[in-house]
2 protein chains.
Amino acid sequence: MLSRLAGMAVRDSVDVESRARARTRRAILDAAITVLSQHSAASLADVADAAGVGRTTLHRYFPERAELLTALSADVLARIDAAAVRSQLDHGPAPAALERLCQELFELGDILMCVFSQPELVDTQTWEECSEADKALTRLVERGHAEGTLDSTLDPIWVQQVLWSLLYAAWQHTREHSVSKHRALDLCLRSLRKVVAASPGRLAERPVQDP
Amino acid sequence: MLSRLAGMAVRDSVDVESRARARTRRAILDAAITVLSQHSAASLADVADAAGVGRTTLHRYFPERAELLTALSADVLARIDAAAVRSQLDHGPAPAALERLCQELFELGDILMCVFSQPELVDTQTWEECSEADKALTRLVERGHAEGTLDSTLDPIWVQQVLWSLLYAAWQHTREHSVSKHRALDLCLRSLRKVVAASPGRLAERPVQDP
DNA sequence: CCCTAGTGGAGCACAGATGTTCCATTAGGG
DNA sequence: CCCTAATGGAACATCTGTGCTCCACTAGGG
């Protein structure tokens, strides 16, 4: 029943119609990711052009800009969750698992930059409640604390912040300066590793100086 | 001569006029920082409201949106440079100097977030060529490399990227989760310290895995 | 106290983005 | 091969943000 409603027209078979439409839909979403990751205020005409479709067609799929953004958000979240699944966060040593996640997320490229350039795209509330990736990452960090392989003074939320901001730094590094993706990822992983490593002994060596 | 031109009207004394105008100008710039740091696409009416002035007045100071952004950019750059000067990057051990810079920049608050939400505000070309802060930071990192107090596998540009992205992470941390500024700065400094610390011995322990 | 710089509001024109409709054309499945 | 879903383009109304003008009002300095 739902599938008939989703298809905008009454058809016998369900997937046959989807062929062309699914392809167009993907092209639009991919274009939206590319365009909006670089200029979050880009017009729908820009997105349509990048997707190689007419503005009218774009409107058939997403009657309002908000609907495109909603779909984009869902797509981004799904890809991030998929990356988390591929990383198998519950297996092996915590630091290694975290690095696998970092690599998988790095591969998402423009999708990452979308999240940064449009924070409203990923509502923090929804994210923390619905995202499996968030929960898995929290579990991972807590496991690392228990194992003694991750710095126990860094709570899961901060580790997540650092992971994302280092990924942003890495991609920005490739965009602005002519640095290879490989080099950027290397720096990113190396830095992440050092941040989360359990500090051997001398903790809080230099406390914050209040001015 | 220039001061008469800057005053938009022919006056005998120069600073008398500036009193009111300078106050209004600052109010507008401060409001622009606050508003645009949270929503980079905010309208000029929003900025005027936040500044407590009419839209007409805002137009008298900045006839076009671009001019407001230019002034905003100059203001932001000046504040960043001032923060760098206060940090005395050329004095003392390199890691400590870097932490002083981090603290000074952290205090800039919304100004930082402006730079992130509107990367076009700070053109990388202009920044690297004109900013004294950039040069001082580069010198600092190179000094740290020579001293052996900073990880020599991290080039100055990457250190700068990490510094900024950690600052972003810290502020985001206070905004989204109810974390005190003090705690956020503490996490930020601790993380920065670990990233830039010269690795004792075992470098490149775990190279990037190409998939 | 008076005068002028500074301000605020209303109003107007313009530009760009958006949402919508209609029609001609094309591609792909039955 | 034929038919229909799918598409693209043109045209239109609307809306928002912007840039600009004019006029009335107010506060602060001489």
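Worth knowing before you read on, the calculation uses all heavy atoms, side chains too, and leaves out hydrogens, waters and symmetry mates. Throughout, a chain's letter reflects where its sequence line sits, starting with A, and its residues are numbered from 1.
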Is A:E132 salt-bridged to A:R139, going by a charged N under 4.0 Å from an acidic O? yes
Carboxylate-amine/guanidinium proximity below 4.0 Å for B:R190 and A:D151: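 Looking at A:D151 together with B:R190, the answer is no, because their closest N to O distance does not fall below 4.0 Å.
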Please report the end-to-end axis angle for the helix from C:dC1-D:dG30 to C:dG30-D:dC1, five pairs per end, rounded to 10 degrees. 20°
B:L121 backbone acceptor or donor facing B:S73 side chain under 3.5 Å: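 Checked: pair present.
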Please list, by residue number, the residues of residues 30-40 of chain A whose heavy atoms come closer than 4.0 Å to an atom of DNA chain D; answer none if no residue qualifies. none
I'd like to check the salt bridge (charged side-chain N to carboxylate O under 4.0 Å, His left out) partners of [X]; sequence neighbours left out, ordered by chain and number.
{"X": "A:R175", "answer": "A:D110"}
{"X": "A:R25", "answer": "none"}
{"X": "A:R55", "answer": "none"}
{"X": "B:R183", "answer": "A:D155"}

Identify each atom pair where a protein N or O and an N or O of nucleotides 26-28 of chain D are less than 3.5 Å apart, giving names and distance.
none

Which residues satisfy the ring pair (Phe, Tyr, Trp, His ring centres under 6.0 Å) test with [X], sequence neighbours excluded?
{"X": "B:H177", "answer": "B:H173"}
{"X": "B:F62", "answer": "none"}
{"X": "A:F106", "answer": "A:W171"}

In the 5'-to-3' direction, what one-character label does each nucleotide of nucleotides 7-16 of chain C receive under the scheme B = base within less than 4.0 Å of a protein heavy atom, S = sugar-phosphate only, - = no such atom? BBBBB-----
Once you measure the plane-to-plane angle for B:W127 and B:W164, does it fall in the parallel (<30°), tilted (30-60°) or perpendicular (>60°) bin? perpendicular
Could you state the CD-P distance from B:E64 to D:dT18, rounded to the nearest angstrom?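 Rounding to the nearest Å, CD of B:E64 and P of D:dT18 are 12 Å apart.
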Euclidean distance, atom CG of residue A:L44 to atom P of C:dG19 [Å, nearest integer]: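 Nearest whole value for this atom pair: 6 Å.
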Scan residues 113-128 of chain A for pairs that pass salt bridge (charged side-chain N to carboxylate O under 4.0 Å, His left out), counting only residues two or more places apart or in two chains.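 For residues 113-128 of chain A: none.
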Return the OG to CG distance between A:S40 and A:L69, rounded to the nearest 0.5 Å. 10.0 Å
